[in-house]
Amino acid sequence: MLTLFSPENYKTIPWKNGLGHTTELAISEGGTLDDFDWRLSIASVVNDGNFSNFAGYQRNLVLIEGEGLILDHGNGDIDELTNLLDITRFDGGSNTHGALVHGSIKDFNIMTNQRTFSPKVNCYIEQETVTVELTANSLLFAYSLTDDMTVTMPQDEGCKVAVGHLIKLSAMSEKRQGDQLTVRVTGKNMIIVQLEPR
């Protein structure tokens, strides 16, 4: 089943630590800021500062605008996001501090409950077609920074997804339990997220 999330339906949510705001694109059904299975959002970072504590969650963070962000996780691990669509993955419970390279940035956040979902996040800068195999209980999300995408399933002419819109696909209603659903996503400057149940 395809679900389209449009910019007019996105929500502005205060950061958990109160130091800024994020644009929440989508969250698992019934989810709240303190209890969810998955959440996708875009944050504007205008100052250096500490990240909110999301212990029990896995964070995937993608640079989508600006000169870059340096993350110090407080355990000796440092991640540098300096190019468009650079990705970092880290424990949401880490004592993470973000330092801006040169001016404000925007990042795309994928947060998943470590008990319920295992995330796989890939970014594609050049125009291409990406093939994803979805199992019955897995989820697929796709988002493009600059261009429309086309999402195609078997016996389907393809669905156009406008830039800035988020599409979610669940294979559960498309195929019977145990089958795989082949999905093709065509575009560029894309973020593609696959969530597998644990």
Side-chain angles (χ1 to χ4, degrees), residues 1-11 22-28 36-45 57-69 71 79-90 101 104-112 117-135 137-175 180-197:
M1 182 176 71
L2 285 170
T3 305
L4 185 66
F5 299 93
S6 302
E8 57 265 27
N9 297 322
Y10 298 161
K11 298 178 182 178
T22 194
T23 299
E24 183 181 274
L25 280 60
I27 191 169
S28 54
F36 56 87
D37 287 328
W38 51 263
R39 180 175 182 248
L40 282 74
S41 61
I42 293 175
S44 296
V45 182
Y57 291 84
Q58 174 75 26
R59 295 188 72 152
N60 283 256
L61 190 147
V62 182
L63 181 68
I64 61 171
E65 185 179 301
E67 297 295 317
L69 182 68
L71 300 181
D79 291 314
E80 298 185 8
L81 305 179
T82 54
N83 296 304
L84 185 71
L85 296 182
D86 277 354
I87 309 174
T88 181
R89 301 166 176 87
F90 58 97
V101 172
S104 63
I105 63 100
K106 285 186 179 180
D107 57 54
F108 191 101
N109 283 273
I110 303 98
M111 283 192 275
T112 48
F117 280 100
S118 176
K120 183 167 70 172
V121 182
N122 291 293
C123 297
Y124 303 89
I125 293 176
E126 302 297 331
Q127 177 81 17
E128 61 183 293
T129 297
V130 179
T131 301
V132 180
E133 299 288 346
L134 282 183
T135 58
N137 294 304
S138 61
L139 299 173
L140 173 71
F141 296 89
Y143 181 90
S144 174
L145 301 183
T146 60
D147 293 76
D148 293 351
M149 298 179 296
T150 302
V151 179
T152 308
M153 293 179 289
Q155 300 174 337
D156 180 17
E157 292 182 358
C159 170
K160 285 281 189 185
V161 182
V163 62
H165 290 61
L166 176 73
I167 195 163
K168 168 178 168 274
L169 197 148
S170 168
M172 179 64 78
S173 60
E174 304 289 343
K175 292 282 186 177
Q180 284 194 329
L181 177 68
T182 300
V183 184
R184 291 180 174 84
V185 185
T186 302
K188 66 179 180 180
N189 292 322
M190 298 185 298
I191 301 169
I192 296 182
V193 179
Q194 192 171 355
L195 302 184
E196 294 290 346

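- Residues meeting the side-chain hydrogen bond (donor to acceptor under 3.5 Å, both in side chains) test with Q58, sequence neighbours left out: none.
- Smallest separation of non-hydrogen atoms from L139 and S170: CD2-CB, 3.8 Å.
- F5 pairs by the ring pair (Phe, Tyr, Trp, His ring centres under 6.0 Å) definition with nothing, not counting sequence neighbours.
- Applying the side-chain hydrogen bond (donor to acceptor under 3.5 Å, both in side chains) test to every pair with at least one member in residues 187-197, sequence neighbours left out, gives these pairs: T135-E196, T146-N189, Q194-E196.
- For the pair P7 and G164, the tightest heavy-atom approach, listed with the atom from each and the gap, is CG-O, 3.5 Å.
- With sequence neighbours excluded, no residue satisfies side-chain hydrogen bond (donor to acceptor under 3.5 Å, both in side chains) with S28.
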Item to check | L2 vs I167, side-chain contact (heavy atoms from CB on, under 4.5 Å): CA-CA, chis, key distance, verdict | outcome: CA-CA 7 Å; L2 285 170; I167 195 163; 3.5 Å; yes

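- Contact record, V163 with S144: CG2-O, 3.5 Å, taken as the closest heavy-atom pair.
- With sequence neighbours excluded, the residues that form a side-chain hydrogen bond (donor to acceptor under 3.5 Å, both in side chains) with D79 are H73, T88.
- In plain terms, the two heavy atoms of G68 and I105 that are nearest each other are O-CG2, 3.4 Å.
- Take T150 and apply the side-chain hydrogen bond (donor to acceptor under 3.5 Å, both in side chains) test, not counting sequence neighbours, and it matches K160.
- In plain terms, the two heavy atoms of Y10 and T23 that are nearest each other are CB-CG2, 3.6 Å.
- Counting only residues at least two apart or on different chains, the side-chain hydrogen bond (donor to acceptor under 3.5 Å, both in side chains) pairs with a member in residues 123-134 are T129-T186, E133-T182.
- The list of ring pair (Phe, Tyr, Trp, His ring centres under 6.0 Å) pairs with a residue in residues 139-159, not counting sequence neighbours, reads W38-F141, F108-Y143.
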Could you pull out every donor-acceptor pair under 3.5 Å between side chains of residues 59-67 and any protein atom, sequence neighbours left out?
residue	atom	partner	partner atom	Å
R59	NH2	N109	OD1	3.0
N60	OD1	R89	NE	3.2

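- Heavy atoms only, all atoms of each residue included: A26 and L166 are closest at CB-CD2, 3.9 Å.
- Proximity of a side-chain donor or acceptor of Y57 to a complementary backbone N or O of F36 within less than 3.5 Å is detected.
- With sequence neighbours excluded, the residues satisfying side-chain contact (heavy atoms from CB on, under 4.5 Å) with N9 are S6.
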